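Below is one structure, written out as structure tokens, with a few remarks after it.
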Amino acid sequence: MTLAPMTPLAAMPSPSTAVWQLGPVPIRAYALCIILGIVVACVVTEYRLRRRGVAPGAVLDIAVWAVPAGIIGARIYHVITSPEKYFGAGGEPLKALYIWEGGLGIWGAVAGGAVGAWLAARQLGIPFTVIADALAPGLPLAQAVGRLGNWFNNELYGGRTTLPWGLEVHVMDPDNPGHALRDDAGNPVLQPGLYHPAFLYEALWNVGVAALVLYLDRKLRLGRGRAFALYVMGYTVGRFWIELMRTDEANLILGVRLNVWTAVLVFLGALAYFVRVRGPREYLVPVGEPAAAPTPSGDVSQVDLSAREAAARPVVPEGYRVVSEEQFDTYRKTGVLPPADDERAESPDDDATTAEAPDATTPDATTADADDADRADADGADSDTDSGPERTDAERTNAGRADAGARPTDRDS
């Protein structure tokens with residue numbers, strides 16, 4: 001009897017190099033993946049912002065604030081949750097600034113990026129919730145791309161496995177960061193066995209979260225930041241079980257990895273927001289939109305082509321105003337801005353004031369009513385008009401109102 005071989009028939013290889021030198025400049029695979037992820041998030045967010053009425057190019061203004069703030073936040077989270085590497089025994093505090101040596105926390109990246117996006121929203125006059133909802137599907141896609149950087153770094157893997165997609169993991173050279181340790185024959189050294197590709201699980205999960213957000217956002221017309229809350233819930237659920245698979249070093253609380261507790265708390269916060277917040281999807285129209293420049297007429301040689309090209313460029317509005325979806329659709333079709341809320345609120349009062357009868361206590365109203373009553377008496381006189389005492393002005397006024405069916409003097413009655 002022969003035993004089946006325990007060696008897997010298939011495996012997923014890992015790169016043995018994560019850094020390339022371009023002259024004196026190191027090109028790091030992890031950084032390239034992060035940059036590519038940012039580009040993906042910007043493209044998706046730009047498309048969704050335009051569909052909600054934001055001027056083209058706004059995502060670049062947002063990224064200028066959000067990306068640096070996100071990187072700073074990611075580094076701060078890493079340093080706070082792993083302080084012994086920098087401030088413990090044998091630690092080097094200055095290395096807390098060495099961001100190129102790795103160490104970024106996604107929780108801090110999202111928090112820091114949110115602060116940066118909020119600052120950008122204030123500058124552009126865009127509601128922060130509109131930006132958050134537009135970013136909701138793009139952010140998990142960016143995270144999925146960024147996780148490929150962990151593959152190049154031979155990190156973020158789980159326990160041993162014999163599955164066909166088990167991951168080969170290189171032993172990285174501590175004296176030559178970004179390169180695998182090599183044996184005497186020059187071959188990269190592998191750790192024994194195969195491991196769960198936790199980075200790949202998370203990347204695929206994030207793609208699924210992006211698809212879920214897109215589907216439910218289209219079906220439920222999510223607004224007020226609820227699409228972003230849905231992304232947070234979806235991501236933290238996946239991060240919870242993937243974090244439990246990881247075998248790399250991490251700080252523990254009650255025997256459980258710190259990021260597991262973080263995932264639970266963040267999920268509960270996002271769930272509370274999603275359940276409590278209600279409201280329709282927000283659409284924006286510009287405030288202070290410049291009028292279109294008139295088309296010059298006459299001799300073509302006298303036309304300033306540079307001025308025409310400048311006028312054709314999109315102009316960033318002074319700010320934005322939230323409108324309903326119906327109003328936004330009408331604006332897109334006609335180009336006519338819908339009335340502001342204060343204008344709509346004033347128009348019924350103005351109409352009512354115009355329609356109401358003038359106050360009879362004023363001299364003009366009394367005189368007009370008296371004249372109307374005199375004309376009505378003259379037109380409707382019969383045989384008994386010659387008899388009886390002459391009526392006073394007040395009697396004629398009241399009689400005229402009664403005949404004409406006018407409203408009573410007291411408009412509150």
Side-chain angles (χ1 to χ4, degrees), residues 38-39 41-70 72 111-139 217 221-229 277-296 303-350:
I38 292 173
V39 172
C42 287
V43 170
V44 175
T45 305
E46 170 75 4
Y47 174 78
R48 287 170 61 83
L49 283 175
R50 288 194 187 188
R51 291 179 63 87
R52 283 158 175 76
V54 178
V59 71
L60 298 179
D61 296 321
I62 298 170
V64 167
W65 290 85
V67 172
I72 294 173
V115 173
W118 176 77
L119 293 173
R122 291 177 59 86
Q123 295 289 330
L124 299 173
I126 304 174
F128 176 67
T129 53
V130 173
I131 296 177
D133 284 339
L135 179 64
L139 189 53
D217 184 40
R221 318 297 293 176
L222 298 175
R224 309 288 182 179
R226 299 180 76 218
F228 190 84
V277 175
R278 289 290 185 269
R281 178 183 292 176
E282 299 143 305
Y283 291 87
L284 305 179
V285 295
V287 173
E289 186 178 32
T295 303
V303 176
D304 188 353
L305 296 180
S306 61
R308 175 180 292 182
E309 292 176 358
R313 298 191 190 102
V315 180
V316 179
E318 299 175 3
Y320 295 91
R321 178 162 53 87
V322 178
V323 296
S324 66
E325 185 173 359
E326 294 76 12
Q327 291 175 319
F328 180 72
D329 290 339
T330 302
Y331 167 69
R332 292 291 294 269
K333 294 176 182 177
T334 64
V336 179
L337 289 172
D341 291 339
D342 54 351
E343 294 176 2
R344 290 196 302 269
E346 290 175 0
S347 58
D349 295 339
D350 295 340

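Computed from a predicted model, the values in this text were never measured in an experiment. What's counted below: heavy atoms across the whole structure, side chains too, no hydrogens, waters or symmetry copies.
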Problem set entry | Candidate pair Thr330 and Val336, rule side chain to side chain contact (heavy atoms under 4.5 Å, CB included), full reasoning | CA-CA 8 Å; Thr330 302; Val336 179; over 6 Å; no
For this session: Identify the two heavy atoms, one from Tyr320 and one from Val287, that lie closest to each other, and give their separation to 0.1 Å.
Result: C-CG2, 3.7 Å
Exercise. With distance as the sole test, does Arg321 use its side chain to make a donor-acceptor pair with the main-chain N or O of Pro338 at under 3.5 Å?
Worked result: yes
Exercise. Arg224 and Arg278: which non-hydrogen atoms are nearest, and at how many Å?
Worked result: CG-O, 3.7 Å
Seminar exercise, completed: Those residues at least two apart in sequence (or on a different chain) that pass salt bridge (Lys or Arg N to Asp or Glu O under 4.0 Å) with Arg332 are none
Problem set entry | Distance-minimising heavy-atom pair for Thr129 and Glu282 | OG1-OE2, 3.0 Å
Problem set entry | Atom pair CZ (Arg50) and CG (Leu284), whose distance is rounded to the nearest 0.5 Å | 14.5 Å
For this session: May I ask you to decide if Pro56's main-chain N or O and Glu46's side chain share a donor-acceptor pair within less than 3.5 Å?
Result: no
Exercise. Quick one: does Gln327's side chain get under 4.5 Å of Tyr331's, heavy atoms only?
Worked result: no
Exercise. Roughly how far apart are Thr45 OG1 and Ile62 CD1, rounded to 0.5 Å?
Worked result: 7.5 Å
Exercise. CG/Leu124 to CG/Asp61 distance, rounded to the nearest 0.5 angstrom?
Worked result: 5.0 Å
For this session: Count the heavy atoms belonging to other residues, nucleotides or ligands that lie under 6.0 Å from CZ of Arg221, then report whether that count exceeds 12.
Result: yes
Problem set entry | Taking every non-hydrogen atom, the tightest pair across Pro286 and Pro317 | CB-CB, 3.6 Å
Problem set entry | Check: Asp133 main-chain N/O paired with Arg48 side-chain donor or acceptor under 3.5 Å | yes
For this session: Please examine the side chains of Tyr283 and Asp329, heavy atoms only from C-beta on, and report whether any two atoms are closer than 4.5 Å.
Result: no
Seminar exercise, completed: Between Asp217 and Ala227, the two heavy atoms sitting closest are OD1-CB, 4.3 Å
Seminar exercise, completed: Nearest heavy-atom approach of Phe328 to Arg52 is CZ-C, 3.8 Å
